[in-house]
There are 4 protein chains.
Amino acid sequence: MDARKKLKRKPKQSRSTATVTAIVDAAAQLLLRTDYQSTSTNRIAELAGVSIGSVYQYFADKNEIYDAVLDSYSSRLVTGLRAVTPDPAMGLQETLEALVFSVYSADPDGPLLLRRIRQAPDAHFQEKLQNAKAQIAEFLRGVLIRRPESLDVSDLNLSLRILIDAVEGIFINAPVGQDPRVLARELARLIARYLLAPGPARPRTAG
Amino acid sequence: MDARKKLKRKPKQSRSTATVTAIVDAAAQLLLRTDYQSTSTNRIAELAGVSIGSVYQYFADKNEIYDAVLDSYSSRLVTGLRAVTPDPAMGLQETLEALVFSVYSADPDGPLLLRRIRQAPDAHFQEKLQNAKAQIAEFLRGVLIRRPESLDVSDLNLSLRILIDAVEGIFINAPVGQDPRVLARELARLIARYLLAPGPARPRTAG
Amino acid sequence: MDARKKLKRKPKQSRSTATVTAIVDAAAQLLLRTDYQSTSTNRIAELAGVSIGSVYQYFADKNEIYDAVLDSYSSRLVTGLRAVTPDPAMGLQETLEALVFSVYSADPDGPLLLRRIRQAPDAHFQEKLQNAKAQIAEFLRGVLIRRPESLDVSDLNLSLRILIDAVEGIFINAPVGQDPRVLARELARLIARYLLAPGPARPRTAG
Amino acid sequence: MDARKKLKRKPKQSRSTATVTAIVDAAAQLLLRTDYQSTSTNRIAELAGVSIGSVYQYFADKNEIYDAVLDSYSSRLVTGLRAVTPDPAMGLQETLEALVFSVYSADPDGPLLLRRIRQAPDAHFQEKLQNAKAQIAEFLRGVLIRRPESLDVSDLNLSLRILIDAVEGIFINAPVGQDPRVLARELARLIARYLLAPGPARPRTAG
DNA sequence: TATGAATGAGGATTCATTCAT
DNA sequence: AATGAATGAATCCTCATTCAT
């Protein structure tokens, strides 16, 4: 966003270095183990087995590290979603259940990671997060559009946002011991019922 | 429930009650204006027009200030909810809509405040937040139990938690300009559909 | 020492108030229980069951409280010493043993109290302490002068100071569980041997 | 024994060894010039010509700095003691005199330094000091065991402790102008007489 | 490119002391 | 005389960031 930031980040393309990966992983680890507040750049460097100087060779500032953590998680998540083979025989709720469950499978620590990342200073971060969620919304839209069921929504964009935010809230607050399957079922139900017209013509039961 | 609950030194003169209020308000103000990270105790004192020493006369540490902010908000919120006169003629969705809308009315900044409070270090805070939500869950349970509609849920506790978390997620992420009425309608729909058995005998239209 | 100090201390004579005693006792208590550093004027006031304002009604500043604590201890100590009836039949070592033991009896916590008082800022305090020790030195001189034994010292003042300092060092470092009687015996021996000419004409054994 | 022992981050470049030394020296200087209470970490950093951040790179907290100061002094002191060539022709008192004097030579400010270090909070410090004294006790035991004179003590450990504490007390309270030679002589006499059997066969004059 | 020593502004908190009531 | 709310300088310590090697 600032001209100087771009300057600093010389090896933009070489982001795939082992060093970079080590740093991002270390940041995620520390976030999970402690707190945003306790996760200092020096500690990240230490856990990554890299000097603090090297961290600043690849990241303009601390926020960029968390950007990368978020990017990393959200791409894993989207990949997970895309990997779900959409069985046409399945009902909407079953499909959604499979999708939600895939998010857990992609990274069981995801919800906690997300909660911790939200502790970061709002300023530049909120936007980043919204982008990530927009991606997921797009994916979900694609899934829904391909479904035979007719949706009972007046504004799909609004509904998608509502749903994504709702799911995020539920994920973030899910108790650690919670059975992912139960959660996936409830979430799928929440989503399916919100989207489908209730009433006689229920798509699920043919008669 | 009351902001004066767990104070280090209970204010015995009215002068000091004003001080406590000023501190809690200032903390909330700063949280809304900036960030958790930017909200230092010294800045809180400054905005409250009080010396930093006074802050620590009434609050054992920084966290306790935010506890009070949360307590203050959550009691305003619960009071708002309780003030909604439950018109028996209303359907469930309309009732829920009124309730959700009252939360906005209680404090339009509430959602943002909540988002910022969540930036606080997890350690002792997560529990506090869960308690506040448990209170709301109890209130909601009371409302539902009194309704004529039969609920289609296997585990009401689970459902309540799911719903509260969902609503929190939606609130926290609501864009600033968003029309509260639209939001309230969608939320009410989300909740009502999740809870009620979909099917021919829809409770809304007595057929 | 400062003109303003004297001014502040209006009720110089009323130092015998119950309030004053309570404050001094509380200070000593806290010193024993914790540290000089942890013993704040506010905590003293609290333990004394008195308002902080009252503390400053009787004491110009924190140091004066400790002065009073030291005065109180040292007068108890000297009183204890004076109370020892000097049995003329006793040898020097036995007499010294009784004296040293009386110091313990006067206040078993004395040594610890002294160690803690020594943590106070040097500036104005060192002098106070030297005065207290000079008093004890004078007392000891009186005892020695009345003894039949001839002392083998070149400079009695120097020797007295050496001894008092030595005893202080031993007291201050005495482990908590230490048997006072053993300590008294060793100290008496240390003092007696230091003062008396060693050699054939030992006063203790007549033949 | 070495000041670099328990450091937070071991200095790997010579630059940083200098930093550590500067910090420890500055701390000792300030302790001597003022007080424990006036010796803040920021002032130490300033006098050391180093940033406060650097102080905390090498020392986990304020206490560790004083640990290092004490270590540094006590190792200088023990080195000084060991350097005293034990002339077999000397009597016990002369030997002790030489030893005591060497302590002064090792660092004439030692006694004052010790007094100031004792102002530190008790908690973790008392132990440290006892360890240092135990070391000196061991050294003294070694010296005594090699002497021809037979000692008149029932419990050598107790006697050693008594003596070390006595000497500490005397050192700590020695007036600044005091002639070290006089002091050394008196101390040697105190120790020698306490340890040796008084009686006809005085070791000093062979007769 | 990598290192890690150094920086110093800023943060949370304490505490002796004052003064209006 | 007593109270206790209020003060604010000062303290210890952290951490993102820089830069000489």
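Lettering of chains follows the sequences in order, A, B, ..., and the numbering in each one begins at 1.
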Of B/Lys62 and D/Gly53, the one whose closest nucleotide on DNA chain E sits nearer the 5' end is D/Gly53
Mind checking if C/Thr41 touches a base, just sugar-phosphate, or nothing, with heavy atoms under 4.0 Å? base
In whole angstroms, the gap separating P of F/dC13 from CD1 of D/Ile44 amounts to 10 Å
Here the distance between atom P of F/dT17 and atom CG of A/Asp61, to the nearest Å, is 5 Å
Any side-chain donor-acceptor pair under 3.5 Å between B/Asp122 and A/Gln37?
no
message = Quick one: does any side-chain atom of A/Gln119 pair with a main-chain N or O of A/Asp35 as donor and acceptor, under 3.5 Å?
response = no
**Item:** Donor-acceptor pair between B/Arg76 and B/Ser72 side chains, under 3.5 angstrom
**Value:** yes
task: Determine the contact category for D/Val50: base if any of its heavy atoms lies under 4.0 Å from a base atom, sugar-phosphate if only primed atoms, P, OP1 or OP2 are that close, otherwise nothing.
output: sugar-phosphate
Across every strand shown, the nucleotide meeting Watson-Crick or G-U wobble geometry with F/dT3 (both distances under 3.5 Å) is E/dA20
Worksheet entry | Side-chain donor/acceptor of C/Gln57 to base of F/dA1, under 3.5 Å | no
- Task: Kindly say whether A/Arg118 contributes a backbone atom to a donor-acceptor pair with the side chain of B/Arg118 at under 3.5 angstrom?
- Result: no
Of the listed F/dA16, F/dA6, F/dA2, the closest approach to the B/Thr19 side chain comes from F/dA6
Separation of F/dT17 atom C1' from A/Asn63 atom CG, nearest Å, is 13 Å
Here the distance between atom P of F/dT11 and atom CD1 of D/Ile65, to the nearest Å, is 14 Å
Here the pair of heavy atoms bringing D/Thr34 nearest to D/Arg116 is O-NH1, 2.8 Å
Scanning both residues in full, the closest heavy-atom pair of D/Leu70 with D/Leu114 reads CD1-CD1, 4.2 Å
note: A/Glu46, atom CD; F/dT17, atom P; distance rounded to Å ~ 18 Å
note: A/Tyr58, atom OH; F/dT18, atom C1'; distance rounded to Å ~ 18 Å
Atom CD1 of D/Ile52 and atom P of E/dG8 are separated, to the nearest Å, by 12 Å
The residue, A/Ser38 or B/Gly49, whose nearest nucleotide of DNA chain F is more 5′ is B/Gly49
Rounded to whole Å, OH of A/Tyr56 lies from P of F/dA20 at a distance of 18 Å
Query raised in the report: Just wondering, are more than 12 heavy atoms of other shown residues or ligands nearer than 6.0 Å to CD in A/Gln126?
Result: yes
(message) Is there, by distance only and without an angle test, a donor paired with an acceptor across the side chain of D/Asn42 and the base of F/dA10 below 3.5 Å?
(response) no
Would you say C/Ser51 places a side-chain N or O within less than 4.0 Å of OP1 or OP2 belonging to F/dT3?
yes
- [ ] Please work out if A/Gln37 contacts a base, only the sugar-phosphate, or nothing of the nucleic acid, heavy-atom cut-off 4.0 Å.
- [x] sugar-phosphate
Using OP1 and OP2 only, check whether a side-chain N or O of B/Ser54 sits under 4.0 Å from F/dA5. no
Q. Side-chain N or O of A/Arg43 less than 4.0 angstrom from OP1 or OP2 on F/dT14?
A. no
> If only side-chain N and O atoms of B/Ser40 are considered, is one of them under 4.0 Å from the OP1 or OP2 phosphate oxygen of E/dG10?
Replying inline: no
Measure from NZ or CZ of C/Lys62 to the centre of the six-membered ring of C/Tyr36 and say whether it is under 6.0 Å with the direction within 45° of the ring axis.
yes
Residues of residues 22-36 of chain A with a heavy atom under 4.0 Å from any atom of DNA chain E, listed by number, are none
